[in-house]
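I have placed the structure first, in the form of structure tokens, so that the comments after it can refer back to it.
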2 protein chains.
Amino acid sequence: MARLATLEIGLNAVIVSVAAGMPQIVQVGDPAGMKPDSLPFGPFDPLRHRTFEIGLRAWVEDQTALRLGYIEQLYTFGDRGRHSASSDKDPHVVSVGYLALTRQTPDAAEMLARHHSAWRSWYDYFPWEDWRDGRPGVLDKDMLPALEEWSRQPPSEDTPPRALGRSERIRLAFGNDPASWDEERALERYELLYEAGLIAEALHDGRPAALERSSIPKFGRPMRFDHRRILATALSRLRAKLKYRPVVFELMPQAFTLTELQTSVEAISGRHLHKQNFRRLVENADLVEPTGATSTATGGRPAALFRFRNTLYNERPAPGLRVGGR
Amino acid sequence: MARLATLEIGLNAVIVSVAAGMPQIVQVGDPAGMKPDSLPFGPFDPLRHRTFEIGLRAWVEDQTALRLGYIEQLYTFGDRGRHSASSDKDPHVVSVGYLALTRQTPDAAEMLARHHSAWRSWYDYFPWEDWRDGRPGVLDKDMLPALEEWSRQPPSEDTPPRALGRSERIRLAFGNDPASWDEERALERYELLYEAGLIAEALHDGRPAALERSSIPKFGRPMRFDHRRILATALSRLRAKLKYRPVVFELMPQAFTLTELQTSVEAISGRHLHKQNFRRLVENADLVEPTGATSTATGGRPAALFRFRNTLYNERPAPGLRVGGR
DNA sequence: TCAAAAGTGTTATCCTTACACCCATGT
DNA sequence: ACATGGGTGTAAGGATAACACTTTTGA
């Protein structure tokens, strides 16, 4: 068999936390301030680390001094041309993305700062995904017009054939009517924007032509390499998982009020939830139990504090929060 | 930075089809008849193939002469020691697993035979996953006793710490009471059996000690390398996806009766479904439409033939078949 | 006393589950 | 005629979504 090309496996971590009602991720900055943000990442070396997870934890601890708890594999990206300017001489880099959930401790921020990294709202990278205060204006003002213009252009010859046409894919990902927005389709939306050349990262990869001749705005804060795609994968996965596994509690402190829990779910799903129904949902899913104490922090009537019932596992397959409308 | 170890990426395909009411996969045999079954697989070479998917399709066509339609990435396995007898001198192999869904054509079987491969029921590899005729006897007769014996043994020192103990994990994966079986947890069940040394593959990897001193039966037909783990991943993923995306139709012919559709869903989920409710579910999910023709093949009243409404995509996010009880 | 946030009660509606029954064909 | 599988109707129960309303604190 012929000799294979040099391969390298990059491990990438999307480290998610919720603080002050905002979903945040750890971003590693460039000390010189020249390059876009990146995720904590490093190559996988099987001689040093027996598994991906061990390697990932080591890289993250190196770059951020954070000890990760819950982690989960997202996806492996292998396309050529996604990893910035690549020639056939460079090693080919395959990216394995991971999702990590963590609580934000008070001293975490300065610890990160010493490592040229910081927490940043994930909606800085995807402003159109935050519907908590209603439908974002960019959608109708800039994004959908630009996407529709793209859908009217004939696809180039080297585009792989697809089951659905461009306008069908747009309708599916962005919703037919303004009401039918599916927050789990964040990845599909990002990939459409990328293909349409409406994302700064598309410039670095193989598709400059469609872009330079127009002055279309590039949406959201860019990231290095394919890191924003990995982040979009994390967003979709976490939003979906929220509904069938009790993962929010990885982001909550030991004790919390139901409103704080609701705020966290809203931060992640990007939607506003109906207060009364949320409470009922949580309480009769038996996911939490009262600690007995109350919190008087918010101004207003003191709220009862709850904790996650982790004995839950012994009783039945643990569910999530099947949040529905509004 | 120090030199990295040699890495190789293996692409593996779980090719699923349903024929004669049985879920089947393509298995590549060993012409000499000495080695266990394997999945179609081959190394990823970025110089020859731009993406994983292109490479995978090429390998599958080489080994089985099948042209794949729907494919989807499952997971990437990177543990050392999973890929049979590995020393530090061999290249480290990372496995990227894919799920492919395909219709079975009449001539496919002999085409496969010429390539030393064949269709085989996936329940040959996981007999305990087929509940269509009630709870399989092996569970209570052999598997659960063996698992419980394992759960009583103290874990060895090099076992990574876990949130849940062995008996909790068994209860969660295999159900508390006989009624609460979650068919989507096929992967968790396989991994427990592997850890407990009740799977032939565990012998080849790092854990021979616990095995050789006992004469515990090894459950299900073994496969090469970590291929059975990839197959278990496919099982879990497909069973879950069935419920929220219309993927069954990738396995159905152009026209089919509702009973045939139900049989396919039952084959995959491994459960028996309630006939009347299944029909209603399908019909008022607007997933199918009558072709007008009828089939008289089964003996009894002729059944109306249906086809998948693929215009569905234009209307709303396409759902799956949320099959519930019975 | 008033604003703010916590917490409770009630109703209409839809979906799921289950059961009972009728229909069209081959033998 | 009767067995076999196809197909329909309907009622009970539970979950969801929406609404209005009461309670407890700080300022």
Side-chain angles (χ1 to χ4, degrees), chain A residues 20-21 132 179-181 183 242-244 252 255-266 269 271-307 316-317 319-326, chain B residues 20-21 132 179-180 242-244 252 255-266 269 271-307 316-317 319-326:
Chain A
R132 287 175 296 174
S180 74
W181 176 265
E183 79 270 10
L242 215 54
K243 293 175 188 163
Y244 62 92
M252 304 300 297
F256 47 83
T257 69
L258 291 185
T259 305
E260 286 164 353
L261 183 64
Q262 180 177 350
T263 306
S264 292
V265 173
E266 288 175 334
S269 67
R271 302 194 311 167
H272 177 247
L273 299 175
H274 193 257
K275 181 182 64 153
Q276 296 88 328
N277 292 340
F278 180 81
R279 306 178 77 83
R280 208 189 328 275
L281 184 70
V282 171
E283 287 191 298
N284 63 24
D286 272 334
L287 288 167
V288 298
E289 62 191 358
T291 65
T294 57
S295 159
T296 177
T298 40
R301 171 173 171 178
L305 286 170
F306 292 81
R307 75 176 134 246
R316 61 193 151 78
L321 293 168
R322 306 200 89 264
V323 292
R326 295 303 301 298
Chain B
R132 287 174 296 174
S180 75
L242 215 55
K243 293 175 186 162
Y244 62 91
M252 304 301 296
F256 47 83
T257 69
L258 292 186
T259 304
E260 286 165 354
L261 183 64
Q262 180 177 350
T263 307
S264 293
V265 173
E266 288 175 333
S269 67
R271 302 194 309 166
H272 177 247
L273 299 175
H274 193 257
K275 181 182 66 155
Q276 296 89 330
N277 292 340
F278 179 82
R279 307 179 75 83
R280 209 188 328 273
L281 183 71
V282 172
E283 286 191 299
N284 64 21
D286 272 334
L287 287 168
V288 297
E289 61 191 358
T291 65
T294 57
S295 159
T296 178
T298 40
R301 171 174 170 176
L305 286 170
F306 291 82
R307 73 175 136 248
R316 59 193 155 77
L321 293 168
R322 305 200 90 265
V323 291
R326 295 301 299 295

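When reading the values below, keep in mind they use all heavy atoms of this one structure, side chains included, and skip hydrogens, waters and symmetry mates. To find a chain, count down the sequence lines: A is the first, B the second, and so on, and within it residues start at 1.
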Side chain of [X] only, please: which of [options] is the nearest?
X	options	result
B:A303	C:dG26, C:dG7, D:dG7	D:dG7
B:Q276	C:dA5, D:dG7, C:dG9	D:dG7
B:R279	D:dG6, D:dT25, C:dA6	D:dG6

(message) Need one value for B:T257: base, sugar-phosphate or nothing, where a base atom within 4.0 Å counts as base even if backbone is also close, heavy atoms only.
(response)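 The residue B:T257 makes no contact with any strand.
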Between [N] ([atom2]) and [X] ([atom1]): distance, integer Å:
X	N	atom1	atom2	result
B:R301	D:dC2	CZ	C1'	17 Å
B:L281	C:dA18	CG	P	14 Å
A:E260	C:dA5	CD	P	13 Å
B:H274	C:dT16	NE2	C1'	11 Å
B:F278	C:dT16	CZ	C1'	15 Å
B:F306	D:dG6	CZ	P	11 Å
B:E283	C:dT16	CD	P	15 Å
A:L273	D:dA17	CG	P	10 Å

(message) Given 3.5 Å as the limit, does a donor-acceptor pair link the side chain of B:E266 with the main chain of B:R132, or not?
(response)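 Between the backbone of B:R132 and the side chain of B:E266 there is no qualifying donor-acceptor contact (under 3.5 Å).
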(message) Could you report the tightest heavy-atom contact between A:S264 and A:M252, atom names first, then the distance?
(response)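 That closest heavy-atom pairing would be OG-SD, 3.2 Å.
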(request) Check whether any side-chain heavy atom of A:F278 sits under 4.5 Å from a side-chain heavy atom of A:L261, and report yes or no. (result)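 Touching, per the 4.5 Å side-chain cut-off.
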(message) Within this structure, what is the CD-NE2 distance for the pair A:Q262 and A:H274, rounded to the nearest 0.5 Å?
(response)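 NE2 of A:H274 is found 9.5 Å from CD of A:Q262.
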(request) Nearest 0.5 Å please: distance from the CG atom of A:L258 over to the CZ atom of A:R279. (result)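 One finds 4.5 Å between CG of A:L258 and CZ of A:R279.
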(message) Check this one for me: any side-chain N or O of B:T259 less than 4.0 Å away from OP1 or OP2 of D:dG5?
(response)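 Indeed not, no polar side-chain atom of B:T259 lies that close.
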(request) Report the residue (A:R280 or B:N277) whose heavy-atom-nearest nucleotide on DNA chain D is the more 5′ of the two. (result)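 Checking each residue's closest nucleotide, the 5'-ward one belongs to B:N277.
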(request) May I ask you to verify whether the side chain of B:K275 and the base of D:dG6 hold a donor-acceptor pair under 3.5 Å? (result)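 Result: at least one qualifying N/O pair found.
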